[in-house]
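For reference, the structure is listed below as structure tokens.
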Amino acid sequence: MRLDKVTALVTGANSGIGREVSSHFRREGARLLLTGRKEQFDGAQPDDLYVPGDLNDEAFVESLARQAAESFGTVDVVVLNHGLQVSGPLTEMAYEDAKNVIHSNLLSAFLVMKHFAPLMPAAGGSFVLVSSRLGMVGKPDEVLYSAAKGGLIMLAKGAAIEWAERNIRVNVVAPGLTATPIIEASFQRREDPEAYRRQREGQIPLQRLATPKEVADAILFMASSESSYITGAVLPVDGGYTAF
Ligand SMILES: NC(=O)c1ccc[n+]([C@@H]2O[C@H](COP(=O)([O-])OP(=O)(O)OC[C@H]3O[C@@H](n4cnc5c(N)ncnc54)[C@H](OP(=O)(O)O)[C@@H]3O)[C@@H](O)[C@H]2O)c1
């Protein structure tokens, strides 16, 4: 098992990619601290610790770190998977929405890194930040989301250098469009879901969406000792979208 005796925090664990990462990590032997905003997490297993809260709130992040310290002592791996997308033309984006995107994707990640790096063992640890293909390329109507996800990449690179002497690795996984339940539901709301799907798939060199498992596999690789000499790196899992 690749995460035997490893303790891991997974954020945004309630749905989509985060849920898949949680079950992947569980199968690989990790002890899990899971967090999301919903009060209940119906996918949690008896050995998991689920703590709900808003990662934009530093007091919550501090209390999450305290609970991690009390329950696990140290935390080896942190997967920063939470995030949200607010789309729309730049000139029509409300300042509150813009702040929400930057906070929910970028500043919340900073808060978790700030309060969890001190919990990593003396031997080191691993942060995996979930960015997006849109952290590397621009797209109309996604400007603030892109800015936040691009910011995550630089957050990872800087922290990777700052914490290298403690052997804390910081890497990024940048998914492309992934077939999570929310994305599938958004396709179904289109007038012609199949035509819309074909159009979106046609923009991707591999001509299909990622599965949550394919993204979780990349996150597992970056979290585990299989990537022990990799830090400050970005791994696109996007079917070639950013290869252009
Ligand atoms: N699916 C894709 O096509 C795709 C592509 C590229 C990148 N990504 C990135 O991959 C990650 C996971 O995507 P997903 O599709 O699985 O998303 P998702 O189903 O929307 O899950 C995101 C999770 O983040 C949580 N979250 C958001 N803001 C939070 C906050 N301030 N505090 C605590 N939790 C918060 C949400 O909680 P609530 O349920 O309470 O809102 C939700 O559980 C995201 O960072 C996303 O940007 C996804």
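Indexing begins at 1, ligand by ligand and atom by atom, following the structure's order. Side chains are part of it too, since the values below use all heavy atoms of this structure and drop only hydrogens, waters and symmetry mates. Just so we're clear, the structure is a prediction, and the values are computed from it rather than from any experiment. If you read the sequence from its start, that first residue is 1, and numbering goes on from there.
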Exercise. Could you check atom 6 (C) of ligand 1 against the protein and tell me its nearest heavy-atom contact, residue, atom and distance included?
Key: P175 O, 3.3 Å
Exercise. Name the closest protein heavy atom to atom 39 (O) of ligand 1, giving the residue it belongs to and the distance to 0.1 Å.
Key: K38 NZ, 3.9 Å
Exercise. Identify, by atom number and element, the atoms of ligand 1 in contact range of H82, meaning under 4.0 Å from any of its heavy atoms.
Key: 24 (O), 25 (C), 26 (N), 34 (N), 35 (C), 45 (O)
Self-check item: Close approach of A179 to ligand 1, heavy atoms, under 4.0 angstrom
Solution: no
Quiz item: Looking at CG of L155 and CE of M113, how far apart are the two atoms once the value is rounded to the nearest 0.5 Å?
Solution: 4.0 Å
Self-check item: Test log, rule salt bridge (Lys or Arg N to Asp or Glu O under 4.0 Å), inputs E184 and R197
Solution: CA-CA 9 Å; E184 290 294 345; R197 176 188 299 278; 2.5 Å; yes
Self-check item: Closest protein heavy atom to atom 11 (C) of ligand 1, given as residue, atom name and distance to 0.1 Å
Solution: N81 O, 3.0 Å
Quiz prompt | Whether Y196 and F187 hold their rings parallel, tilted or perpendicular, with breakpoints at 30° and 60° | solution = perpendicular
Exercise. Pick whichever of V130, L84, D54, T178 has a heavy atom sitting closest to atom 2 (C) of ligand 1.
Key: T178
Quiz prompt | Heavy-atom nearest neighbour in the protein, as seen from atom 23 (C) of ligand 1, with distance rounded to 0.1 Å | solution = G12 CA, 3.7 Å
Quiz item: Are I230 and F221 side-chain neighbours, meaning at least one heavy-atom pair lies under 4.5 Å?
Solution: yes
Exercise. Enter the distance from L80:CG to F110:CZ here, rounded to the nearest 0.5 Å.
Key: 12.5 Å
Quiz item: Does any N or O atom in S132 lie less than 3.5 angstrom from one in ligand 1, N or O only?
Solution: no
Self-check item: Row check, Y241 ring normal vs R133 NZ/CZ: under 6.0 Å, within 45°
Solution: yes
Quiz item: What about L55: any of its N or O atoms under 3.5 Å from an N or O on ligand 1?
Solution: yes
Quiz item: Hey, which atoms in ligand 1 end up nearer than 4.0 Å to a heavy atom of I183?
Solution: 1 (N), 3 (O)
Practice problem: Answer yes if a protein heavy atom lies under 4.0 Å from atom 21 (O) of ligand 1, otherwise answer no. | Solution: yes
Exercise. Any chance you could measure K139, atom NZ, to Q203, atom CD, to the nearest 0.5 Å?
Key: 6.5 Å
Quiz item: Heavy atom under 4.0 Å from ligand 1: found in T180's side chain, backbone, both, or neither?
Solution: side chain
Quiz item: Can a donor-acceptor pair be found between the side chains of S108 and H82 at a distance below 3.5 Å?
Solution: yes
Quiz prompt | Side chain, backbone, both or neither: the part of R133 lying under 4.0 Å from ligand 1 by heavy atom | solution = neither
Self-check item: Heavy-atom nearest neighbour of atom 9 (C) of ligand 1 within options G16, S131, G83
Solution: S131
Quiz prompt | Location of contacts on I17 toward ligand 1, heavy atoms closer than 4.0 Å | solution = both
Quiz prompt | For atom 18 (P) of ligand 1, closest protein heavy-atom neighbour | solution = S15 OG, 3.4 Å
Quiz item: L177 heavy atoms, cut-off 4.0 Å: which ligand 1 atoms fall inside?
Solution: 3 (O)
Quiz item: Counting each atom of ligand 1 from 1 as listed, which ones have a heavy atom of I182 under 4.0 Å away?
Solution: 18 (P), 19 (O), 20 (O)
Self-check item: R19 side-chain N/O to N14 backbone N/O, donor-acceptor pair under 3.5 Å
Solution: yes
Quiz item: In Å, rounded to the nearest 0.5 Å, how long is the span from CG of L129 to NZ of K157?
Solution: 12.0 Å
Quiz item: Could you walk me through whether N171 and S126 pass the side chain to side chain donor-acceptor pair (under 3.5 Å) check?
Solution: CA-CA 8 Å; N171 290 296; S126 172; 5.3 Å; no
Quiz item: Between N105 and ligand 1, is there a nitrogen or oxygen pair with a distance under 3.5 Å?
Solution: no
Practice problem: Look only at interatomic distance and state if N14 has a nitrogen or oxygen under 3.5 Å from any nitrogen or oxygen of ligand 1. | Solution: no
Quiz item: Among R37, Q85, R19, whose heavy atom sits nearest atom 36 (C) of ligand 1?
Solution: R37
Quiz item: Would you say D57's side chain and D54's backbone share a donor-acceptor pair under 3.5 angstrom?
Solution: no
Practice problem: State whether the side chain of S227 and the backbone N or O of S224 hold a donor-acceptor pair below 3.5 Å, judged by distance alone. | Solution: yes
Quiz prompt | Residue and atom name of the nearest protein heavy atom (relative to atom 46 (C) of ligand 1), distance in Å to one decimal | solution = Y145 OH, 3.7 Å
Quiz item: Just by modelled atom types, is the T74 backbone N or O under 3.5 Å from a matching donor or acceptor in the T7 side chain?
Solution: yes
Practice problem: Considering heavy atoms of the protein only, find what lies nearest to atom 4 (C) of ligand 1 and give residue, atom and distance to 0.1 Å. | Solution: G176 O, 4.0 Å
